[in-house]
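Take a look at the structure below.
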2 protein chains.
Amino acid sequence: MIEIKKRSECPISCSLDIWGDKWSLLIIRDLMHAKQCTYGDFLKSEEKIATNILAARLQMLETNGVITKQDHPESKAKVLYKLTQKGIDLLPIMVEINLWADKYFTLPSERKEMIDEVKKDKEAFIKEKIKELSLS
Amino acid sequence: MIEIKKRSECPISCSLDIWGDKWSLLIIRDLMHAKQCTYGDFLKSEEKIATNILAARLQMLETNGVITKQDHPESKAKVLYKLTQKGIDLLPIMVEINLWADKYFTLPSERKEMIDEVKKDKEAFIKEKIKELSLS
DNA sequence: AAATTTACTTGCATTTTGCAAGTACAAATA
DNA sequence: TATTTGTACTTGCAAAATGCAAGTAAATTT
């Protein structure tokens with residue numbers, strides 16, 4: 001089992017205790033891009049997470065209600081991971097991280113396109129994206 | 001010295017490579033609350049960071065241009081740490097983390113007050129707070 | 001029936017974290 | 001002026017987390 005030990009009652013600290021490790025937000029990013037992923041999909045991401053770490057993080061995020069597992073409609077060998085509402089609600093944080101990164105790094109052009117869309121109308125982007133993630 | 005190895009060119013990943021560890025955002029949080037802190041101030045925070053980890057993180061954040069050191073005006077024994085513009089620009093991310101935490105945790109009342117102010121007018125809050133952090 | 005895919009687990013080396021103690025310089029106190 | 005205290009670290013070592021390679025078990029494909 002996974003221990004959820006809070007370092008303090010501070011909102012930043014409590015949040016980091018759930019997803020403030022090296023990998024969790026990348027898993028969540030994948031789910032925001034793809035809406036649903038199999039275990040293997042996560043392993044394919046370019047940052048190359050180790051399989052045991054992936055398993056541990058998925059467990060942690062599920063225990064904390066950020067993601068859920070469900071059966072794959074076409075195969076019993078596969079599992080689908082999805083964001084819960086709690087996970088979907090991390091979108092504004094992700095958007096702000098993207099904007100910060102856009103200001104201080106040189107990003108690949110395919111990322112820039114999305115960010116330019118955000119910059120045009122942040123609220124609209126978030127609203128639309130949340131809607132997308134919520135149905136399904 | 002500190003190694004800045006990027007796992008990928010993804011904005012989320014690049015950002016996490018700088019401040020995506022267990023402690024950095026808590027250091028940044030302290031600086032956002034206090035505007036400037038000494039080494040000892042950070043050690044006093046309720047999460048109780050270990051002194052060697054603190055030294056390592058401060059070094060990392062300074063190397064990456066998120067914070068700066070300056071002489072304490074009243075004592076050569078003390079050092080003042082402050083946010084750079086790059087650090088101040090993390091404020092919107094912090095605000096969103098607070099809002100997420102507000103939705104999913106029960107927070108202490110003194111934190112709630114600040115968050116209620118944010119909820120009234122997020123843009124205004126951020127603008128005002130950035131102004132505050134920028135002068136000095 | 002055998003090989004392959006999928007989602008993991010296991011074992012072990014490496015790296016990071018945490019704790020306690022130590023150091024060096026500045027400042028306050030006796 | 002000598003000694004103690006404060007401040008910002010560093011060092012050494014144990015514990016925990018991470019990373020890598022290989023293994024397992026059930027489902028699917030061949």
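Numbered from 1 within each chain, the chains take letters A, B, ... in sequence-line order.
Around the CG atom of B/D71, the shell of radius 6.0 Å holds no more than 12 heavy atoms that belong to other residues, nucleotides or ligands.
Distance CG (B/L26) to P (C/dG18): 11 Å, rounded to an integer number of Å. If you measure from atom CD1 of B/I53 to atom P of C/dT15, you get 16 Å, rounded to the nearest angstrom. To the nearest angstrom, P of D/dA8 lies 12 Å from CG of B/D71. Atom-to-atom, CD of A/E47 to P of D/dT18 comes out at 16 Å; the value is rounded to the nearest Å. Atom CD in A/Q36 sits about 12 Å away from atom P in C/dA7, given to the nearest Å. Between the CG atom of B/L61 and the P atom of D/dC9 there is a distance of 13 Å, rounded to whole Å. Residue B/I27 contributes atom CD1, which lies 14 Å from atom C1' of D/dC9 at whole-angstrom precision. The distance from atom NZ of A/K22 to atom P of D/dA17 is 15 Å, rounded to the nearest whole Å.
Listed here is the closest heavy atom pair of A/K82 and A/K35: CG-O, 3.9 Å.
For the residue pair A/T51/A/Y39, the side-chain donor-acceptor check at 3.5 Å is satisfied. No side-chain donor-acceptor contact under 3.5 Å links A/D30 and A/Y81. For the residue pair A/E113/A/S109, the side-chain donor-acceptor check at 3.5 Å is not satisfied.
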Heavy atoms under 4.0 Å is the rule here; annotate nucleotides 23-30 of chain D 5' to 3' with B where the base is hit, S where only the sugar-phosphate is, and - elsewhere. ----SS--
Show each protein N/O and nucleotides 8-11 of chain C N/O combination with a separation under 3.5 Å, one pair to a line.
residue: C/dC8; atom: OP1; partner: A/K69; partner atom: NZ; Å: 3.4
residue: C/dC8; atom: OP2; partner: A/Y81; partner atom: OH; Å: 2.4

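Note on A/D17 versus A/K5: no salt bridge recorded, every NZ/NE/NH1/NH2 to OD/OE distance being 4.0 Å or above. A salt bridge links B/D41 with B/K44: the closest approach of a Lys/Arg side-chain nitrogen to an acidic carboxylate oxygen falls below 4.0 angstrom.
Nearest-nucleotide positions on DNA chain C place A/G40 closer to the 5' end than the other of B/D21 and A/G40.
For the OP1/OP2 pair of D/dG19 and a distance below 4.0 Å, the side-chain nitrogens and oxygens of A/W23 include at least one atom meeting the criterion.
Cation-pi geometry between A/R57 and A/W19 is not met: the NZ or CZ atom fails to fall both under 6.0 Å from the ring centre and inside 45° of the normal.
With hydrogens and angles disregarded, no donor-acceptor distance shorter than 3.5 Å links the side chain of A/S45 to the backbone of A/E47.
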